[in-house]
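First up is the structure itself, then whatever we jot down about it.
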Amino acid sequence: MAARPRLCDRYRRFLPITDATPRLTLGEGFTPLVAAPRLGARIGVANLHLKLEGMNPTGSFKDRGMVVAVSKAIEAGATSIICASTGNTSASAAAYGAAAGIEVAVVLPKGAIALGKLLQALIAGAKVVAVDGNFDDALRVVRSMTAASGSRATLVNSVNPHRIAGQKTAAYEICDDLGRAPDVLAIPVGNAGNITAYWAGFTDYAMAGIVETRPRMHGFQAAGAAPIVEGHPIDDPHTIATAIKIGNPATWAGAVAARDESRGSIDAVTDDEILTAYRNIAEFEGVFCEPSSAASVAGVAKAAASGAIGRDELVVAILTGNGLKDPDTAERTVAGRIVESDASEAGVLKALDW
Ligand SMILES: *Cc1c(COP(=O)(O)O)cnc(C)c1O
């Protein structure tokens with residue numbers, strides 16, 4: 001096991017890890033940063049890279065923060081973890097909780113979780129409660145439950161600062177891979193923990209003198225769930241991108257600070273723009289991400305068209321989660337594409353129009 005470093009060891013100097021912190025890992029982090037020349041040409045940026053966060057152990061970036069949050073919870077003596085989730089936090093909490101041997105409780109908005117994410121939480125043995133409400137309602141419930149539970153249970157939503165600390169590591173990796181900071185970091189924004197974490201990570205590297213610059217942070221919300229863009233909470237958020245279907249982001253102020261300090265922007269993209277990007281990422285680069293993740297690329301396309309992102313800037317778009325998590329959206333997207341044939345060469349040739 002000596003050859004492959006652990007994320008928490010590699011970046012320990014920037015993390016709240018001490019000798020007393022349990023050494024938990026599922027092999028998180030070190031995700032690929034891949035050049036995307038065909039997609040870039042399509043959407044008007046010449047130097048586009050995709051950070052494939054769907055290659056984390058449970059298929060989303062949540063694992064980077066969860067490994068730190070669960071380790072610190074155990075260090076502090078907790079025997080349970082609890083979260084509200086649009087799906088990926090619960091999948092990650094369930095996995096790390098199982099590996100650590102502690103109780104996991106997750107509270108979800110009923111009917112609003114992509115199938116793969118729900119199954120991940122259940123198969124790992126988490127207790128799952130589906131509430132008649134949205135994510136913001138679920139978060140309100142678990143926050144007050146945690147406050148009432150004393151030290152027994154730790155809340156592992158991104159309001160837990162250890163989540164944010166762990167998620168900063170993605171920014172370090174990008175700089176390590178590029179040998180510099182990008183000009184632009186494009187990222188989906190839901191509860192706004194991740195954009196806050198990336199900005200903190202780039203700032204750590206700049207303060208440490210490892211990079212000379214920091215990127216402009218361009219965050220993207222779904223148009224039906226864009227409270228930061230509109231400047232007020234949204235009571236009934238709606239979007240196909242369920243991982244960012246959040247009406248009142250817990251880390252709102254962090255997102256605004258990242259935007260303003262970096263001279264970036266937070267903008268909205270429509271579900272149509274998201275689904276176009278979702279297909280393009282797969283068809284032009286062979287990468288299958290979940291719809292929420294495609295908001296980053298949809299946003300780059302929109303900003304490139306308006307001139308907010310320059311054609312020759314070095315752009316990194318974060319693909320936050322794996323496409324296999326949401327088979328329903330994928331199925332609807334490709335419906336009717338299978339051509340049937342009898343099992344003869346002639347039949348297949350005809351079916352393919354070869
Ligand atoms: C959690 C999540 C987001 C949103 O991240 P925030 O930190 O809540 O802004 C985006 N995409 C995916 C796939 C996620 O799981």
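Start at 1 and go down the list; that is how both ligands and their atoms are numbered. These numbers come from the heavy atoms of this one structure, side chains and all, not from hydrogens, waters or symmetry mates.
Among the candidates Ser92, Pro109, Ser90, the single residue satisfying the side-chain contact (heavy atoms from CB on, under 4.5 Å) test with Ser85 is Ser90. Of the options Leu185, Val297, Leu48, Ile43, a side-chain contact (heavy atoms from CB on, under 4.5 Å) to Val315 is made by Leu48 and by none of the others.
Residue contacts with ligand 1 for Lys62 involve side-chain atoms from C-beta outward but no N, CA, C or O (heavy atoms, distance under 4.0 Å). The backbone and the side chain of Asn191 each have at least one atom closer than 4.0 Å to an atom of ligand 1 (non-hydrogen atoms only). Only the side chain of Ile244 comes within 4.0 Å of ligand 1, counting heavy atoms alone; its backbone N, CA, C and O stay farther away.
In terms of polar-atom proximity, Pro188 is not counted as a contact of ligand 1, lacking any N or O under 3.5 Å from an N or O of the ligand.
Under 3.5 Å, the side chains of Thr21 and Glu75 contain a donor-acceptor pair of N or O atoms. If you check the side chains of Arg180 and Thr213, you find no donor sitting under 3.5 Å from an acceptor. For the 3.5 Å distance criterion, the side chains of Lys245 and Thr86 fail to qualify, holding no donor opposite an acceptor.
Within the 4.5 Å cutoff, the side chain of Phe135 has heavy atoms near those of the Asn191 side chain.
Proximity to Gly193 (heavy-atom distance under 4.0 Å) selects the following atoms of ligand 1: 6 (P), 7 (O), 9 (O).
Residue Ser158 places every heavy atom at 4.0 Å or more from ligand 1.
Atom 5 (O) of ligand 1 has Phe61 CZ, 3.4 Å as its closest protein atom, hydrogens excluded (heavy atom only). Ranking protein heavy atoms by distance to atom 7 (O) of ligand 1, first place goes to Asn194 N, 2.8 Å. Here the heavy atom of the protein found nearest to atom 11 (N) of ligand 1 is Thr320 OG1, 2.7 Å.
The backbone N or O of Gly59 sits nowhere less than 3.5 Å from a side-chain atom of Asn56 that would complete a donor-acceptor pair.
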